[in-house]
Amino acid sequence: DEKTFALLSQGETRDIFQLESKGMRRYLQELKPSAFADISAMVALYRPGPMEQIDTFIRAKQGIAPVRYPHHDLERILQETYGVIVYQEQVMFIARILAGYSMGQADIFRKAMGKKIAEVMKEQEETFVAGAVENGLGERLAREIFGLIEPFAGYAFNKAHSVSYALVAYRGAYLKANYPIEYVTAYLNTYYDNTDKVCLSVDECRKMGVRVLPPDVNRSLSGFSIEDHDGTSAVRFGLAAVKNVGQGPVDAIVSIRQETGEFSSMEDFCRKVGTRGVNKKVLDSLIRVGAFDAMGTRAALLASL
């Protein structure tokens, strides 16, 4: 989807699973992903250790530096990652193609390299070199290739895991690119009780040109909702996201309003809601965030409590 890849290339992913960090957003802007495999590789590379290869990956993807393969037979394995060994599965396939390992032997090889035990590594090197020589490679080249894959194998990510993460990230980016107001509303409802994430998302709304309307006892639902405002769609702040209010009082306010209609004044509100969990502290919080602004000034409403 063109819109999705445009959003990814702009680094507009502060609220996208796995792609939200500042560093990841900068790398996405440099990489300009154009295929799903690019997202999966970035998820795998953006960790301590593999991060050292991100610049190589980006430069090769952009054509700034040539794509280099440890051996020409490995092109089909490493083509999607521009010659960079990113995944554990790639290490296993290299062992199979160059050294004739079975799938079972390749998995043992992967585990051994991940543990980085010196004696085991030496044993694996000799096995790898012997298999490669038997397959027609020179011993010197076999040892060079082992030396190249050894550091990668220690931190290589599991591809199945990375692809699964990337798929969730891509779907999030697709929804944000094509249904921005619905996506941001769903995000706010997911993290309504996390002030930092709510602030981040409200800021993201402003960047996207989506208006966020303040909480209102006559308009807001429990969660964030989409509301038509002056002919355009806007996000209405949910009452449950207001600090010191709580779900019980909010449910009471919304259900009574739906039964009896809008509240005409503070007095009308108090008569209708009564003592159903809505105490002075709850009212104080709702007044201070503007949920009663249609009924008077905040100073006057606070004085009347």
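Numbers for residues simply follow the sequence, beginning at 1.
- In this structure, Ile181 is a member of the same hydrophobic cluster as Val202, with clusters built from ILVMFWY side-chain heavy atoms closer than 4.5 Å.
- Using a cutoff of 4.0 Å between basic side-chain nitrogens and carboxylate oxygens, Lys280 and Asp284 are not scored as salt-bridged.
- The two residues Ile16 and Ala169 have their closest heavy-atom pair at CG2-O, 3.4 Å.
- Note on Glu89 versus Arg96: no salt bridge recorded, every NZ/NE/NH1/NH2 to OD/OE distance being 4.0 Å or above.
- Rounding to the nearest 0.5 Å places CZ of Phe36 at 11.0 Å from CG of Leu8.
- Between His161 and Phe157, the ring planes lie perpendicular to each other; the angle is over 60°, past the 30° to 60° tilted range.
- The shortest side-chain heavy-atom distance between Lys61 and Asp38 falls under the 4.5 Å cut-off.
- Side chain of Arg236 to main chain of Pro214: a donor-acceptor pair is present (N/O by atom type, distance under 3.5 Å, no hydrogens or angles).
- Using a 4.5 Å cut-off on side-chain heavy atoms (C-beta onward), Ile77 and Ile97 make contact.
- Between the side chain of Tyr183 and the backbone N or O of Asp15, at least one donor-acceptor pair lies under 3.5 Å.
- Taken to the nearest 0.5 Å, the CZ atom of Phe109 stands 8.5 Å off from the CD1 atom of Ile94.
- At a threshold of 4.5 Å between side-chain heavy atoms, the hydrophobic network of Ile, Leu, Val, Met, Phe, Trp and Tyr places Phe57 and Ile64 in two separate groups.
- Side-chain contact check for Tyr101 versus Ile108: every heavy-atom pair is 4.5 Å or farther apart.
- The minimum heavy-atom distance linking Val278 with Val282 is given by the pair CG1-CG1, 4.0 Å.
- Judged by distance alone, the side chain of Ser201 and the main-chain N or O of Val198 form no donor-acceptor pair under 3.5 Å.
- The distance from atom CG of Asn218 to atom CG of Asp293, rounded to the nearest 0.5 Å, is 12.0 Å.
- No more than 12 heavy atoms of other residues, nucleotides or ligands lie within 6.0 Å of CZ in Arg271, so this atom counts as exposed by the packing criterion.
- Ser304 places a side-chain N or O within 3.5 Å of a backbone atom of Leu301 that can act as its donor or acceptor partner.
- Contact between Ala41 and Thr81 at its shortest, heavy atoms only, is CB-CG2, 4.3 Å.
- Interatomic distance, CG of Leu239 versus CZ of Arg219, reported as 12.5 Å (0.5 Å rounding).
- For the pair Asn178 and Thr4, the minimum side-chain heavy-atom distance is below 4.5 Å.
- The two residues Gly83 and Val67 make their nearest non-hydrogen contact at N-CG1, 3.7 Å.
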Please walk me through it: do Phe224 and Tyr192 pass ring pair (Phe, Tyr, Trp, His ring centres under 6.0 Å)?
-> CA-CA 8 Å; Phe224 292 83; Tyr192 77 95; 8.1 Å; no

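- Within the 3.5 Å criterion, the main-chain N or O of Gln10 finds a donor-acceptor partner in the side chain of Gln29.
- In this structure, the side chain of Glu204 does not engage the main chain of Leu200 through any donor-acceptor pair within 3.5 Å.
- Under the 4.5 Å side-chain criterion, counting only non-hydrogen atoms from C-beta, Met92 is in contact with Asp107.
- A donor-acceptor contact under 3.5 angstrom links the side chains of Gln247 and Ser222, judged on distance only.
- The hydrophobic cluster containing Tyr191 does not contain Ile226, counting ILVMFWY residues as joined when their side-chain heavy atoms lie under 4.5 angstrom apart, directly or transitively.
- In this structure, the separation between CE on Met24 and CG on Leu28 is 6.0 Å, given to the nearest 0.5 Å.
- The ring-ring contact (aromatic ring centres under 6.0 Å, His included) pairs that include a residue from residues 265-302 are Phe263-Phe269, Phe269-Phe292, where partners are two or more places apart or lie in different chains.
- By the 4.5 Å heavy-atom criterion applied to side chains, Leu45 and Met51 are not counted as neighbours.
- Contact check for Glu227 versus Val235: no side-chain heavy atoms found under the 4.5 Å cut-off.
- Taking a 6.0 Å sphere around CZ of Arg298, one finds it holds more than 12 heavy atoms contributed by other residues, nucleotides or ligands.
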Apply salt bridge (charged side-chain N to carboxylate O under 4.0 Å, His left out) to the pair Glu267 and Lys272, showing each step before the final yes or no.
-> CA-CA 9 Å; Glu267 291 79 9; Lys272 286 177 177 176; over 6 Å; no

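- Using a cutoff of 4.0 Å between basic side-chain nitrogens and carboxylate oxygens, Glu20 and Arg14 are not scored as salt-bridged.
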Using the side chain to side chain contact (heavy atoms under 4.5 Å, CB included) rule, take Leu98 and Ile145 through it: C-alpha gap first, then chi angles, then the decisive distance, then the call.
-> CA-CA 9 Å; Leu98 294 187; Ile145 291 172; 3.7 Å; yes

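- Remark: Asp203 does not engage Lys207 in a salt bridge, criterion side-chain N to carboxylate O under 4.0 Å.
- The side chain to side chain donor-acceptor pair (under 3.5 Å) with Arg110 is formed by just one residue from the set Gln105, Gln88, Gln90; it is Gln88.
- With sequence neighbours excluded, the residues that form a ring-ring contact (aromatic ring centres under 6.0 Å, His included) with Phe5 are Tyr170.
- Residues Glu262 and Arg257 are not paired through a salt bridge, judged by the lack of any N-O separation under 4.0 Å between the basic side chain and the carboxylate.
- Side-chain atoms of Glu30 never come within 3.5 Å of backbone atoms of Ile58 as a donor-acceptor pair (strictly under, hydrogens ignored).
- In this pair, Tyr46 and Tyr27 present their aromatic rings perpendicular. The plane angle is above 60°, beyond the 30 to 60° band.
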Walk me through it: do Thr13 and Gln18 pass the test side chain to side chain contact (heavy atoms under 4.5 Å, CB included)?
-> CA-CA 9 Å; Thr13 57; Gln18 288 291 305; over 6 Å; no

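- When all heavy atoms of Ala44 and Val86 are compared, the pair lying nearest together is CB-CG1, 3.5 Å.
- A salt bridge links Arg140 with Glu144; the closest basic N to acidic carboxylate O contact falls under 4.0 Å.
- The structure places CG of Leu283 at 12.5 Å from CG of Asn244, a figure rounded to the nearest 0.5 Å.
- A side-chain hydrogen bond (donor to acceptor under 3.5 Å, both in side chains) check over residues 65-76, counting only residues at least two apart or in different chains, returns nothing.
- Side-chain contact check for Glu150 versus Met121: some heavy-atom pair is nearer than 4.5 Å.
- Electrostatic pairing of Asp55 and Arg59 does not count as a salt bridge here, judged by no charged N lying under 4.0 Å from a carboxylate O.
- Leu74 and Tyr82 fall within the same hydrophobic cluster, where Ile, Leu, Val, Met, Phe, Trp and Tyr residues are linked whenever their side-chain heavy atoms come under 4.5 Å apart, directly or through other members.
- In this structure, the side chain of Ser285 does not engage the main chain of Val245 through any donor-acceptor pair within 3.5 Å.
- Of all the heavy atoms in Cys205 and Val184, the pair that sits closest is SG-CG2, 3.3 Å.
- Under a 4.0 Å N-O distance rule, the pair Glu182/Lys176 does not qualify as a salt bridge.
- Following chains of ILVMFWY side-chain contacts shorter than 4.5 Å, one can reach Leu167 starting from Tyr179, so the two form part of one hydrophobic cluster.
- When only modelled atom types and interatomic distance are considered, Ser40 and Tyr87 share a side-chain donor-acceptor pair under 3.5 Å.
- Side chain of Ser220 to backbone of Asp216: a donor-acceptor contact under 3.5 angstrom is found.
- A distance-only check finds a donor-acceptor pair linking the side chain of Thr297 to the backbone of Ala300 [under 3.5 Å].
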